[in-house]
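Just so it is clear, the values below take in all heavy atoms, side chains as well, and ignore hydrogens, waters and symmetry mates.
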Amino acid sequence: MRHSAAHIMAYAVGQLWPDVKFDIGPATDDGFYYDFDMAHHLSAEDFPAIEKKMAEITAADYPFERVEMTRPEAEAFLKARGQTYKLERLADIPEGEAITFYRCGDYYDLCRGPHVPSTGCVKAFKLMSVAGSYYRGDEKNPMLQRLYGIAAESQEQIDALVTQLEEAQKRDHRRLGKELDLFSVEEDVGPGLVHWHPKGARIRIAIEDYWRREHFRAGYEMVFTPHIGRAGLWETSGHLGFYKENMYSSMDIDGQAYYVKPMNCPFHIQVYKSQSRSYRDLPIRYAELGTVYRYEKSGVLHGLLRVRGFTQDDAHIFCAPDKIEDEIRYTVEFALRILRRFGFREIAAYLSTRPAKAVGAPERWEQATRSLENALRAEGIDYKVDEGGGAFYGPKIDLKIKDAIGREWQLGTIQFDFNLPERFDLSYIGQDGKPHQPYMVHRALLGSIERFFGILIEQYAGAFPCWLAPEQVRVIPITDAQLDAAKELEARLRSMDVRVTTDTHADKLGAKIRRAQGDKVPFMLILGRKELENQQVAVRTRDAGDKGAMSFEDFFALYQEALKD
């Protein structure tokens, strides 16, 4: 329906501005958009006119008709209408594949489909915004106008979507990141390369400290691996054959070609291969917060959510076949526990199974898929099966969470790999004294630290729980007469590993409290003459307001309780 709404919108724009050139108009997770090249500069003032035309098109209830053409017919059809972008998209269609247009009224669009039966099936819609977008996401190409909209089965659903999108705008991690001084992407350095500011770095350290502690407790060992590797390593892994366009150019070192790593897997394999392994050593679990670099077109970069340099919370598990089912169940349980600690309660799973073209013995695929499915059932997680949707090298589970306003995000992945153990000739000595190939599992929980941080900012709208907050406590002296005592209290809290600052501004108390609230600090400790005389602190919290005066010990107990949430 959303895809059909994009066609209806394009039809309306074409009726209002006949000189328009069309590019693409896909559905998105919460709406649709279409990219246009036209002389008229679209703005929100144009939305009523476009929506009126769209309403006329839906009222006419034109059928969506599939029209198949030969390549020469399609080329002639598009050339006659001056649709140069569509001609380039036509060239992308492989030889032998059907070339189809979808028609509604007198509007034709080069499109694979599918669509709803007729325009009248699109019951409600609303245009939301317009933005610039480079053709094919490449800044070297022309800038097009991207018009966004939403569609639903009723006006009530539209209203709910608008509310959600407005809430998402308030929570936008790029805006909050600037307001709260958490991170930046500096143009002088380059797009897609993130600078973590002190407050953002404090949150990152809290995330990483928890991540490492839990991994050690779960039997993982930490590794650190290089940022570059010889070309031969990437040839063996297959990355130079299948992934080179996403890798950064090689560098010459002592006459040898090296590449910046896009993935950590080949390095973890080298650690595994550094000595002979026995079945008694397995499972071996290696984990690393490894920084990688992947080329992304500038047109698709998006704050922390789509970047060029990022740190993966990566792990690789090497396991004997007879232990793999227990190991996968252990891994799924561990992944859920980590995600729930960050406040995500709604978690769903997607199981992708063997595609038509795959490497690895069928019986291994069957055992691996069974182990994934049994683990999901044991944990009671809702899951959907994507038959044949797995990668060619192994089945996988994708874990998706819903955030505070109901949006779905993919985070964790548990991915079998039957390809790399073969390419790198991995083995262990079994009980029979002979070499055997281990199962290898790629496992990520948070995806990347940068993207996960962006999701967390939006999940909490910048008001992080106490254990993650970059500033957990702010000491607020009422006047300069309490400033020395405030600094002493700050030092005491700092020695107890509390993230704390003192407001030294000469403002009135109300302004200091408002500043702390704006900075989303969980606890405010107010010191005045009375508090000093009674050896107490007046406590305010970000969410509950004034908690009254109390001893330091009572406050600290309150603080420690808040760390559990």
Side-chain angles (χ1 to χ4, degrees), residues 170-184 195-207 209 343 453 456-457 459-565:
K170 293 177 190 174
R171 293 167 178 262
D172 190 313
H173 74 282
R174 294 166 298 178
R175 180 179 63 80
L176 288 171
K178 186 172 184 179
E179 287 179 6
L180 299 175
D181 194 23
L182 301 175
F183 72 92
S184 64
H195 293 67
W196 294 75
H197 294 199
K199 288 183 178 180
R202 282 182 174 273
I203 300 172
R204 174 171 176 161
I205 290 166
I207 294 170
D209 284 350
F453 185 40
L456 278 183
I457 294 171
Q459 159 80 353
Y460 291 110
F464 298 97
C466 189
W467 77 279
L468 282 175
E471 184 182 352
Q472 297 166 317
V473 177
R474 183 170 296 179
V475 182
I476 302 176
I478 293 178
T479 70
D480 284 353
Q482 293 88 41
L483 188 55
D484 288 344
K487 283 291 186 180
E488 288 177 12
L489 179 56
E490 177 190 339
R492 182 181 181 184
L493 287 166
R494 199 181 296 279
S495 72
M496 301 168 80
D497 294 326
V498 178
R499 297 190 286 275
V500 56
T501 64
T502 298
D503 189 329
T504 59
H505 292 83
D507 301 326
K508 292 183 177 180
L509 177 61
K512 293 182 180 182
I513 291 173
R514 286 192 296 275
R515 183 160 46 245
Q517 286 286 158
D519 291 340
K520 304 183 188 296
V521 182
F523 286 98
M524 289 152 264
L525 302 185
I526 299 167
L527 287 181
R529 179 179 57 81
K530 186 177 178 181
E531 285 75 24
L532 291 184
E533 288 175 354
N534 295 329
Q535 296 186 330
Q536 291 182 320
V537 289
V539 179
R540 288 186 67 90
T541 68
R542 177 181 62 202
D543 302 319
D546 186 11
K547 302 288 284 187
M550 63 186 74
S551 67
F552 176 84
E553 289 72 22
D554 286 345
F555 155 70
F556 199 72
L558 197 66
Y559 162 81
Q560 288 182 308
E561 190 64 28
L563 293 178
K564 298 175 185 178
D565 295 333

Are the side chain of [X] and the backbone of [Y] linked by a donor-acceptor contact shorter than 3.5 Å?
X: Arg542; Y: Lys520; result: yes
X: Glu531; Y: Gly528; result: yes
X: Arg499; Y: Ala469; result: yes

Would you tell me whether Asp507 and His505 have side-chain atoms, one donor and one acceptor, within less than 3.5 Å of each other?
->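 Short answer, no.
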Would you say the side-chain atoms of Gln536 and Ser551 include a donor-acceptor pair closer than 3.5 Å?
-> no
From the list Ile203, Asp172, Leu182, side chain to side chain contact (heavy atoms under 4.5 Å, CB included) with Ile457 holds only for Leu182
Going through the distances and angles, do Tyr559 and Gln472 end up as a side chain to side chain contact (heavy atoms under 4.5 Å, CB included)?
-> CA-CA 9 Å; Tyr559 162 81; Gln472 297 166 317; 3.0 Å; yes
Glu488/Arg492 ion pair, N-O < 4.0 Å | no
Classify the ring geometry between Phe556 and Phe552 as parallel (under 30°), tilted (30 to 60°) or perpendicular (over 60°).
-> parallel
Parallel, tilted or perpendicular: which describes the rings of Phe183 and Phe453, with under 30° parallel and over 60° perpendicular?
-> perpendicular
Could you pull out every donor-acceptor pair under 3.5 Å between side chains of residues 476-487 and any protein atom, sequence neighbours left out?
from	atom 1	to	atom 2	distance (Å)
Thr479	OG1	Ala481	N	3.2
Thr479	OG1	Gln482	OE1	2.9
Thr479	OG1	Gln482	NE2	3.4
Gln482	OE1	Thr479	N	2.8

Taking the side chain as C-beta and beyond, is there a heavy-atom pair between Leu489 and Leu527 under 4.5 Å?
->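 Sidechains of Leu527 and Leu489: in contact.
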Should Arg540 and Ile526 count as side-chain neighbours, where that means a heavy-atom distance under 4.5 Å?
->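 Touching, per the 4.5 Å side-chain cut-off.
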